[in-house]
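Ligands are counted one by one from 1 in listed order, and the atoms in each one are counted from 1 as well. The analysis underlying the following values was restricted to heavy atoms, covering all of them including side chains, and did not include hydrogens, waters or symmetry mates. The residues of the chain are indexed from 1 along the displayed sequence.
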Amino acid sequence: MFFEVIRTEIQAISFAPESGDFATWILVLRDNDRALLIDSGYERHAAAVIDHLGDSVRVDSVVLSHEHEDHAYGCRELPEAEVLGAEGFPEDVLVGRAVTEIADGARIRFGDHELSFRITPGHSRYHLTTLIDEAVAHVGDLLIFTHEGRPTPPYLSDAEALDDHVRSLEWVKGLAPEILVPGHGPVLRGREEIAGAVDLRLHYLRALGDASCAVGLEECWPVDVGEVGRHDFHEMNLGKLGMG
Ligand SMILES: [Zn+2]
């Protein structure tokens, strides 16, 4: 378990991968004896966070960036918590558990924190970005890095997702948060670093959108592809776009 303090009463807890390439984040917001989580990891990750918080802290709510198992399954360890997800969130992922749907632009307060939400499809149709106190953006898997910090190509949910993914990333760029928490990989700090990381993915997606047949990753990625993790995401994207 690895801890990073994002701001007062906002802590990010990360778990190194047991297998595969991706560390998982759970973001913890505290308000005295209550906690709100953003994403829940797998079951073992949520269980470790509950242990860490101790008996005196109750997890009231879990906001899920999207429905994929590495973000959502931890909710199974939190049967009493309210689960919040993007409008249309597929409840079968949580075995029929009720999910409170969050509309685009919705806001909630949690203790001293103000959370606002934006539906940001591309990686998933039901993908939610959370902005905390107008400064910290949790963007889920709109931006992905491997555990070693290598950027990966965006991963498209389906054949129609490319334009959505571009729009979602453009919105994140316009938001210009001070701190960006990706679904996997290092927390980014500073507008310049964040804009650079977003621009890489936008360049890739636009190049992919302009291509009429199967293109190599090196034709879409503007810098050294030797630094890129998970080249297979590119192959999967080509397959979804019918260019495999
Ligand atoms: Zn993920």
#### Entry: Carboxylate-amine/guanidinium contact R97 E82, below 4.0 Å
no
### Query
Any Lys/Arg nitrogen of E114 or R109 sitting under 4.0 Å from an Asp/Glu carboxylate oxygen of the other?
yes
### Task
Apply the test side chain to side chain donor-acceptor pair (under 3.5 Å) to residues S168 and T120: give CA-CA distance (whole Å), side-chain angles for both, the deciding distance (0.1 Å), then the verdict.
CA-CA 5 Å; S168 293; T120 47; 4.8 Å; no
### Message
Can you confirm whether the side chains of Y155 and H165 place a donor and an acceptor under 3.5 Å from each other?
### Response
no
### Message
So, 2.8 Å as the limit: is an N/O/S atom of H184 located closer than that to the Zn ion (ligand 1)?
### Response
yes
### Task
Using the Zn ion (ligand 1) as the apex, give the angle to atoms NE2 (H71) and OD2 (D141), rounded to 10 degrees.
90°
### Task
Output the atom name for the N/O/S atom of D70 with the smallest distance to the Zn ion (ligand 1).
OD2
